[in-house]
**Student:** 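I have a structure I would like to understand better, so I am pasting it below and will then ask my questions one at a time.
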Amino acid sequence: MTIKLYCFGESGNAYKAALALELSGLDWAPVYVDFFNGETRGEAFRKINAQGEAPTMVDGDLTLSQSGVIQQYITDKTGKFGGTAEEKYEVLRWVLWDNHKLSSQVGMTRFLMNFLPEDKRPADVITFMQGRLKAAFTTLNAHLEGREWMVGDSITNADLSCCSYLFYPEPFGFDRADWPHIDAWLTRVSDLPGWKHPYDLMPGNPSDRA
């Protein structure tokens, strides 16, 4: 049975789940969620996910949301991306760090800078968020020095989580050239067989609303 992932291309959190599904080799298909026109707040979508969030994964009778949970489900189903038994808590540590310190900050900053009308963009908030992001990028860049992957010797959910928003082209205060260890790591991720850019992997692109 084909796994369904309710998602949209602009969502870095959805990309975490979509990329894990794509690289895992599981049979899956994206289902477009019209986030910007309020679909996740509608009654029909709330019947799929009462939290009103994308991504949401449906595999037969099982429905899951939250990207980290979906990633762990893929790991449990395939044996991929979880690291060794000794590494699993370190993988989880970086997934949770990303969710709290990196993706949540990038997601908000990118939204404020690119998806709000220009006259509605709060300059002071954006400056504050970019300061927090610089601290997160510093942590990530330092961790990747001398490493190929976030944890251990191969790609794990830590990589799939932390890399997600950093492939998007919209400006949010991140330039790969400023962070050489992050830059090299992102290249390793994108060189993986089967890797796809978020706008190629999932339906939905800012150009659709231009």
Side-chain angles (χ1 to χ4, degrees), residues 1-33 35 40 45-104 106-107 136 140 143-144 147-167 185-186 188-198 200-204:
M1 182 177 294
T2 300
I3 296 171
K4 295 180 181 179
L5 185 72
Y6 291 81
C7 58
F8 58 102
E10 295 92 336
S11 169
N13 288 321
Y15 184 50
K16 298 173 191 180
L19 186 59
L21 284 165
E22 185 71 11
L23 295 180
S24 75
L26 289 170
D27 180 24
W28 77 284
V31 179
Y32 176 59
V33 176
F35 173 83
T40 57
F45 190 82
R46 293 280 180 163
K47 291 179 180 178
I48 300 169
N49 178 359
Q51 294 175 334
E53 295 178 338
T56 297
M57 185 207 74
V58 178
D59 188 7
D61 295 331
L62 178 67
T63 299
L64 295 174
S65 61
Q66 301 296 326
S67 59
V69 174
I70 296 170
Q71 287 177 327
Q72 186 60 49
Y73 177 76
I74 295 165
T75 291
D76 293 342
K77 197 174 181 75
T78 66
K80 298 179 179 180
F81 314 134
T84 66
E86 294 77 16
E87 293 165 351
K88 67 178 182 179
Y89 293 118
E90 184 69 0
V91 172
L92 179 60
R93 187 171 79 98
W94 281 105
V95 169
L96 295 177
W97 176 85
D98 165 69
N99 291 179
H100 181 59
K101 296 288 190 179
L102 183 58
S103 285
S104 60
V106 174
L140 182 61
H143 177 72
L144 286 166
R147 302 173 186 267
E148 291 195 359
W149 304 106
M150 293 291 296
V151 179
D153 296 327
S154 61
I155 191 167
T156 67
N157 289 325
D159 301 282
L160 296 174
S161 191
C162 289
C163 79
S164 61
Y165 273 98
L166 304 185
F167 283 114
W185 164 71
L186 290 174
R188 283 190 289 275
V189 174
S190 62
D191 283 345
L192 290 169
W195 178 87
K196 293 181 180 179
H197 188 277
D200 296 324
L201 187 57
M202 301 178 291

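When a residue number appears, it is its place in the shown sequence, counting from 1.
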**Student:** Counting N and O atoms only, with roles assigned by atom type, does the side chain of T75 sit under 3.5 Å from a partner on the main chain of Q71, one being a donor and the other an acceptor?
**Tutor:** yes
**Student:** Take atom NE2 in H197; do more than 12 heavy atoms of anything else shown fall under 6.0 Å from it?
**Tutor:** yes
**Student:** So W94 and H143, would you call those rings parallel, tilted or perpendicular, with 30° and 60° as cut-offs?
**Tutor:** tilted
**Student:** Between P193 and L23, what is the shortest heavy-atom contact and its length?
**Tutor:** O-CD2, 3.5 Å
**Student:** Nearest 0.5 angstrom please: L192 CG to E22 CD, how far?
**Tutor:** 12.0 Å
**Student:** Measure across G82 and V91 and return the closest heavy-atom pair with its distance rounded to 0.1 Å.
**Tutor:** O-CG2, 3.7 Å
**Student:** Heavy atoms only: give me the nearest A29-T2 pair and the separation to one decimal.
**Tutor:** N-CG2, 3.7 Å
**Student:** Do W97 and L140 have side-chain heavy atoms sitting under 4.5 Å apart?
**Tutor:** yes
**Student:** What closest approach, in Å, do S103 and Y165 show between heavy atoms, and which atom pair accounts for it?
**Tutor:** OG-CD1, 3.6 Å
**Student:** Measure the shortest side-chain to side-chain distance between T56 and V33 over non-hydrogen atoms and say whether it is less than 4.5 angstrom.
**Tutor:** no
**Student:** Report yes if the side chains of M57 and Y73 come closer than 4.5 Å at any heavy-atom pair, otherwise no.
**Tutor:** yes
**Student:** If the plane angle is over 60° it's perpendicular, under 30° parallel, otherwise tilted; pick one for F167 and W195.
**Tutor:** tilted
**Student:** How close do A17 and I74 get, heavy atom to heavy atom, and via which atoms?
**Tutor:** O-CD1, 4.0 Å
**Student:** How far does CG of D153 sit from CZ of R147, to the nearest 0.5 angstrom?
**Tutor:** 10.5 Å
**Student:** Would you indicate whether the side-chain heavy atoms of S161 and N99 approach each other to under 4.5 Å?
**Tutor:** yes
**Student:** Output the distance between atom CD (Q72) and atom CG (L64), rounded to the nearest 0.5 Å.
**Tutor:** 11.0 Å
**Student:** Is L160 close to Y15 at the side-chain level, that is, under 4.5 Å between some pair of heavy atoms?
**Tutor:** no
**Student:** Keeping to residues at least two apart or across chains, list the salt bridge (charged side-chain N to carboxylate O under 4.0 Å, His left out) pairs with something in residues 81-103.
**Tutor:** K16-D98, E90-R93
**Student:** So, taking the atom named CG in D159 and the one named CG in L144, what distance separates them when rounded to the nearest 0.5 Å?
**Tutor:** 8.0 Å
**Student:** Is any side-chain heavy atom of T63 closer than 4.5 Å to a side-chain heavy atom of N49?
**Tutor:** no
**Student:** Do D59 and K77 touch side chain to side chain, with heavy atoms closer than 4.5 Å?
**Tutor:** yes
**Student:** Closer than 3.5 angstrom, by distance alone: can the side chain of R188 be matched with the main-chain N or O of E148 as a donor-acceptor pair?
**Tutor:** yes
**Student:** Rounded to the nearest 0.5 Å, what's the gap from CD1 on I155 to CG on L19? Could you check?
**Tutor:** 6.5 Å
**Student:** Going by heavy atoms in the side chains, are M150 and W185 under 4.5 Å from each other?
**Tutor:** yes
**Student:** Looking at CH2 of W149 and SG of C163, how far apart are the two atoms once the value is rounded to the nearest 0.5 Å?
**Tutor:** 9.0 Å
**Student:** Regarding S65 and Q51, is there a side-chain donor-to-acceptor distance under 3.5 Å anywhere?
**Tutor:** yes
**Student:** Please find the pair of heavy atoms, one from M202 and one from S11, that lie closest to each other, and give the distance.
**Tutor:** CE-O, 3.8 Å
